[in-house]
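So you know, we letter chains A, B, ... as the sequences are listed, proteins then strands, and number each from 1. Worth saying up front: this structure is predicted, and the values here are computed from it rather than measured.
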2 protein chains.
Amino acid sequence: MNRGRRPGQVSSRDAVLRAAREQFSRKGYDAATVRAIAAEAGVDPSMINHHFGTKEQLFMAALESPVDPKDHISAVLGGPREGAGERLVTRILAVWDSPAGAAGVAVLRTAMQHEWSAALVREFILNRAIKPLLAGLGVPAEEASWRGNLVASQLSGLILTRYLIKLEPIASAPHAVVVQALGPTIQRYLTGAVGADHLGG
Amino acid sequence: MNRGRRPGQVSSRDAVLRAAREQFSRKGYDAATVRAIAAEAGVDPSMINHHFGTKEQLFMAALESPVDPKDHISAVLGGPREGAGERLVTRILAVWDSPAGAAGVAVLRTAMQHEWSAALVREFILNRAIKPLLAGLGVPAEEASWRGNLVASQLSGLILTRYLIKLEPIASAPHAVVVQALGPTIQRYLTGAVGADHLGG
DNA sequence: CACTTAATTCAACGCTTGTTGAATTAGTTG
DNA sequence: CAACTAATTCAACAAGCGTTGAATTAAGTG
């Protein structure tokens, strides 16, 4: 292996991936052009097709993220039940402020324009993140759907205003301040009273 | 006036505007092509330039909305202070479920990709909507900024999940159910305890 | 040194985009 | 009717897009 490459030299593949993540997260799928990604990576546009096939495959490759929701979910579940809201907000901020958050921003930006990306977001939020979390909290299945949507609405709004629209001062607020403000909201959505007569619909 | 047009026949200008609103709100500024708008309006693409100049000017014309935030703000302010949260959510749902909401969806979709649209959203949310509302509630100026951001985070998240991502069941939930769930959250952000040590920063 | 294979370069393709300008049609005005 | 003006049609433009394939370079292998 490692054929045709000087040892100790990083392949241009990584440079392309880095540039792709940067461009996709800043502009979304459509506005981020293959040519611009190639330029930022200091590479010929055709290299992208050579390494990744099509633009869509590059997008998927750029989304490959080391973030496993399971780790964070178990972390949120570990601790007193009435502190789950604050712990969830804390985790969300940590992930989205890290480099791994760029992938999320890219998908979310693209979800505004392409149904297939919106479907990706829905699937992830519901089945991968919120459903197992609520199950771990012992929330009845017939309540989980509605409570999960409420949690998603507040957290996606946080992400939208803080990372996409960059509304100040929430975009620059320290984690602790955001946690203090949103924690009780999330806690109520998870385990409090949220219109019990509708649950199960 | 009315030169060169058969009386009783609506000009193609209105048809273009209608199609533009539809396309812009469904796809955002970039993905909505001039040609697609023209096709939906049953009109030659060059008619758009003839009537509106450029695509950007058409976008601006399509955003001309009969919605005046002032009316809704005074409606929210009219009534007991502790019911302001529920009244605000009620108003938001009414506006965004109406045809006028399409313009908002268009701007918000575009704000994900273009800084100039994001700036438009920031300006509107902060100065036109939330700032006067909080002033009317008698909230001190040094708290208004932070409280306003919190309100924006929850309401923009509602709009995102309900109208853009179309997360179920929140996308189809009756107004009353959403009001019951989000009302207390907004109320706390407006007048409750939200991290008083940070306010004024 | 050949041989092989991957990496890279370069030019070009077909397509869609927003926009333009000339030619034509239609309806009102003097 | 003649004159004028707005509305409409049509073809084409330049620019940018993703993608392709052939030619070239470079590096490890027998």
Worksheet item: What is the distance from atom CD1 of Ile186(B) to atom CZ of Arg87(B), rounded to the nearest 0.5 Å?
Response: 13.5 Å

Worksheet item: Reckon His51(A) touches a base, only the sugar-phosphate, or nothing at all at heavy-atom distances under 4.0 Å?
Response: sugar-phosphate

Worksheet item: Could you walk me through whether Thr185(A) and Gln154(B) pass the side chain to side chain donor-acceptor pair (under 3.5 Å) check?
Response: CA-CA 10 Å; Thr185(A) 297; Gln154(B) 173 62 89; 5.9 Å; no

Worksheet item: Step by step, would you call Arg18(A) with Glu22(A) a salt bridge (Lys or Arg N to Asp or Glu O under 4.0 Å)?
Response: CA-CA 6 Å; Arg18(A) 216 179 351 238; Glu22(A) 153 75 15; over 6 Å; no

Worksheet entry | Rounded distance in Å - CZ (Phe52(B)) to P (dT19(C)) | 13 Å

Practice prompt. Check the distance between dA12(D)'s P and Asn49(B)'s CG and give it to me in whole angstrom.
Written response: 18 Å

Item to complete: Classify the side chain of Arg35(A) and the base of dG16(D) as holding, or not holding, a donor-acceptor pair under 3.5 Å.
Response: no

Worksheet item: dT8(D) phosphate, OP1 or OP2: any side-chain N/O from Ser12(B) under 4.0 angstrom?
Response: yes

Worksheet item: Mind checking whether Phe59(B) and Tyr29(B) have parallel, tilted or perpendicular rings, split at 30° and 60°?
Response: perpendicular

Practice prompt. Starting from P on dA22(C), measure out to NE2 on His50(B) and report it in whole angstrom.
Written response: 14 Å

Response to the item:
From CG of Asp30(B) across to C1' of dT17(C) the rounded distance in Å is 11 Å

Item to complete: Calculate the interatomic distance between Ile48(B) atom CD1 and dG18(C) atom P; express it in whole Å.
Response: 9 Å

Worksheet item: Base, sugar-phosphate, or nothing for Ser46(B), non-hydrogen atoms under 4.0 angstrom?
Response: base

Worksheet item: Of the nucleotides dG18(C), dT9(D), dT9(C), which has the atom closest to the Met47(A) side chain?
Response: dT9(C)

Practice prompt. Report the secondary structure of DNA chain D in dot-bracket form, marking unpaired bases with a dot and bases paired to a different strand with |, and treating Watson-Crick or G-U pairs with both distances under 3.5 Å as paired.
Written response: ||||||||||||||||||||||||||||||

Worksheet item: Between the main-chain N or O of Thr54(A) and the side-chain N or O of Asn49(A), is there a donor-acceptor pair closer than 3.5 Å?
Response: no

Worksheet item: Of Asp44(A) and Ala31(A), whose closest DNA chain D nucleotide lies nearer the 5' terminus?
Response: Ala31(A)

Item to complete: Round to a whole Å and report the spacing from NZ of Lys55(A) to P of dT16(C).
Response: 16 Å

Worksheet entry | Lys/Arg N to Asp/Glu carboxylate O, Arg162(A) vs Asp97(A), below 4.0 Å | yes

Response to the item:
The side chain to side chain donor-acceptor pair (under 3.5 Å) partners of Gln23(A) (sequence neighbours excluded) come to Lys27(A), Glu40(A)

Discussion item. How many whole angstroms separate atom CD of Gln23(A) from atom C1' of dC17(D)?
Written reply: 15 Å

Discussion item. Nearest whole Å is fine: how far is dC17(D) C1' from Ile37(A) CD1?
Written reply: 13 Å

